[in-house]
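Written out below as structure tokens is the structure these notes cover.
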Amino acid sequence: MPRVETTASQSRVISTRCCIVGGGPAGMLVGLLLARGGVTVTVLEKHADFLRDFRGDTVHPSTLEILQQIGLLDSFLALPHRREEQLLIRFGDGFHPVAEFCGLKPFGYMAFAPQWDFLDLLSDAARAHPNFTLRMSTEATGLLHDGARVVGVRAVDVQGELEVRSDIVIACDGRDSILRAASGLRVLDFGAPMDALWFRLPRSPTDIDNTFAVPGRGRLLAMINRTAYWQAALIVRKGSSTELRAQAMSEFHALVAPLLPFTDERIKHVAGWDQVKLLEVRVDRLQRWHRPGLLLIGDAAHAMSPAGGVGINLAIQDAVAAANVLGPALCNNVSIDEMLLARVQRRRWLPTVITQSVQRVLQRNLIAPALGAQPGPAAPMPRAARWVLQFPWVRRIPARFFGYGVRRERVVFGAVARTSEAVSNALAGFID
Ligand SMILES: Cc1cc2nc3c(=O)[nH]c(=O)nc-3n(C[C@H](O)[C@H](O)[C@H](O)COP(=O)(O)OP(=O)(O)OC[C@H]3O[C@@H](n4cnc5c(N)ncnc54)[C@H](O)[C@@H]3O)c2cc1C
């Protein structure tokens, strides 16, 4: 366990080797890997649990590979999840497969599981290590400095203010990162033409089984099958949700109902705006992902668009790269200089730039024109697209790109959990 002290002013001070802010996919995985390798880690998560709705449900084939490498795949597959071998789009003339995982190796499917289950799995595995601490309901509020170097974070929990002092802070606090704002690092903002409105619809046993999207004119709909219900996202023009929310629910029903492959009655279950959550879409990237003592990864370094559903994939791959690069130095009590932090950025920069570039092309050429059109039902699939997509190997191209990503990381640090004896020795070295 990390050291806890009280200063003369009675504010609590915690010392740890590595402080991770944010218990999303990036933060939980880098915390788990570092802890498995014997590093003393403290993760701060501002919420009391992982039970939030607006997180993607996708567990990509590349993430399944990572789980396999650290021996958690069977535990994941024992959780309630769904496997999609094809992703469908419902055009005006019916459902068409547009991405095909079937035939890809080593995993021929994309898994869908509520993200709270996935995060619980990672946190349970991490808590098995004595050198790992997860502090829920603890919100980082700023950075602590010693000259130009970041030496920890200020935070607040139910007992009040505390300081978490560490040799390195890894900011994984998502697209609204407080630490990113506090760091003063320069952000390149690429903009996004859309926002997402999230809501649930009941499922009937006779409904189609697949997760699918519907490209209506003036709005788009994504439907994720969560077995007991549909998790739906209505994608609307950026900024238009305020106008929409000022109107009666019947206007919202009229936008969604024509895109649903069931009777209009189902949408009436969304009876008030309190059942519809707005999630602002953003695409941006830090020019530099680090400062002395501070590294940012995942959405904190590069907020991803939901286009293609790849943000979790990148966050996970960043976490593996960060653990591989920083783990050995942290474990051997070597000081973490900026060159090491720059190595993490160098490793993850190209995959991020390529993925965001593809998302921006999709946003500019497909999503923005569709959202700008006069509202109407989905058009039939264009003939050229239908011809091209008849070939399974063509459908495997987007599946490979979005499912496996551009540069797959392999777990090196944390691949094998250090024995408790080795960890105790490392802890003793840290505490003395
Ligand atoms: C509408 C929408 C739909 C999406 N759908 C998908 C999808 O289907 N598939 C996909 O791969 N990606 C999707 N994404 C992108 C994906 O959600 C993110 O890219 C991914 O969650 C990033 O993971 P992360 O760990 O970096 O950050 P996050 O998942 O955002 O996690 C950040 C964590 O930090 C915590 N936190 C924040 N501030 C603090 C603080 N000050 N102190 C302590 N804790 C803090 C938060 O509570 C949170 O738990 C979608 C994005 C949007 C906008």
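We count ligands from 1, going down the list as the structure has it; atoms in each ligand are counted the same way.
Distances from atom 51 (C) of ligand 1 to the heavy atoms of R175, Q231, R282 show the closest one on R175. Nearest to atom 42 (N) of ligand 1 by heavy atom, out of A140, G311, A300, is A140.
Ion pair R348/E409 flagged as a salt bridge, since at least one NZ, NE, NH1 or NH2 atom sits closer than 4.0 Å to an Asp/Glu carboxylate oxygen. Ion pairing between a basic and an acidic side chain is recognised when a charged N comes within 4.0 Å of a carboxylate O; R82 and D209 show such pairing.
Heavy atoms from both the backbone and the side chain of P25 come within less than 4.0 Å of ligand 1. Counting heavy atoms closer than 4.0 Å to ligand 1, residue V310 contributes backbone atoms (N, CA, C, O) but none from C-beta onward.
At least one heavy atom of T138 lies less than 4.0 angstrom from ligand 1. In this structure, W198 is part of the shell of residues with a heavy atom less than 4.0 angstrom from ligand 1.
Near A196, the atoms of ligand 1 lying under 4.0 angstrom from a non-hydrogen atom of the residue are 1 (C). In summary, the atoms of ligand 1 found under 4.0 Å from a heavy atom of G298, numbered by their order in the structure, are 26 (O). Numbered from 1 in the order shown, with element, the atoms of ligand 1 that lie under 4.0 Å from a heavy atom of C172 read 32 (C), 33 (C), 34 (O). Near H60, the atoms of ligand 1 lying under 4.0 angstrom from a non-hydrogen atom of the residue are 11 (O). Heavy-atom contacts of G174 reach the following atoms of ligand 1: 27 (O), 30 (O), 32 (C) (cutoff under 4.0 Å). Near A26, with a cut-off below 4.0 Å to any heavy atom, the atoms of ligand 1 are 25 (O), 26 (O). In summary, the atoms of ligand 1 found under 4.0 Å from a heavy atom of L44, numbered by their order in the structure, are 43 (C), 44 (N). Residue H47 has at least one heavy-atom neighbour below 4.0 Å for each of these atoms of ligand 1: 47 (O).
By the 30° and 60° cut-offs, the orientation of the rings of F212 relative to F95 is perpendicular. Ring geometry for F199 against F252 counts as perpendicular: the plane angle is over 60°, on a 0 to 90° scale with 30° as the lower cut. Between W289 and H302, the angle of the ring planes lies from 30° to 60°, which puts this pair in the tilted group.
For W349, the CH2 atom is loosely surrounded, since the number of other residues' heavy atoms within 6.0 Å does not exceed 12.
An N or O contact shorter than 3.5 Å links G309 to ligand 1 by distance. Residue P306 has no N or O atom closer than 3.5 Å to an N or O atom of ligand 1. Any N or O atom pair closer than 3.5 Å counts here, and E280 shares no such pair with ligand 1. Here's the thing with T58: one of its N/O atoms is less than 3.5 angstrom from an N/O atom of ligand 1. Distances between N or O atoms of E139 and those of ligand 1 include no value under 3.5 Å.
At least one side-chain heavy atom of W230 sits less than 4.5 Å from a side-chain heavy atom of R266. Side-chain contact between R282 and D299: absent, with no pair of heavy atoms (C-beta onward) separated by less than 4.5 Å. V30 has its side chain out of reach of L33: every pair of non-hydrogen atoms, C-beta onward, lies at least 4.5 Å apart. Between P258 and R219 there is a side-chain heavy-atom pair separated by less than 4.5 Å. Between V320 and N324 there is a side-chain heavy-atom pair separated by less than 4.5 Å.
Note: H145 NE2 to R291 CZ = 6.5 Å, rounded to the nearest 0.5 Å.
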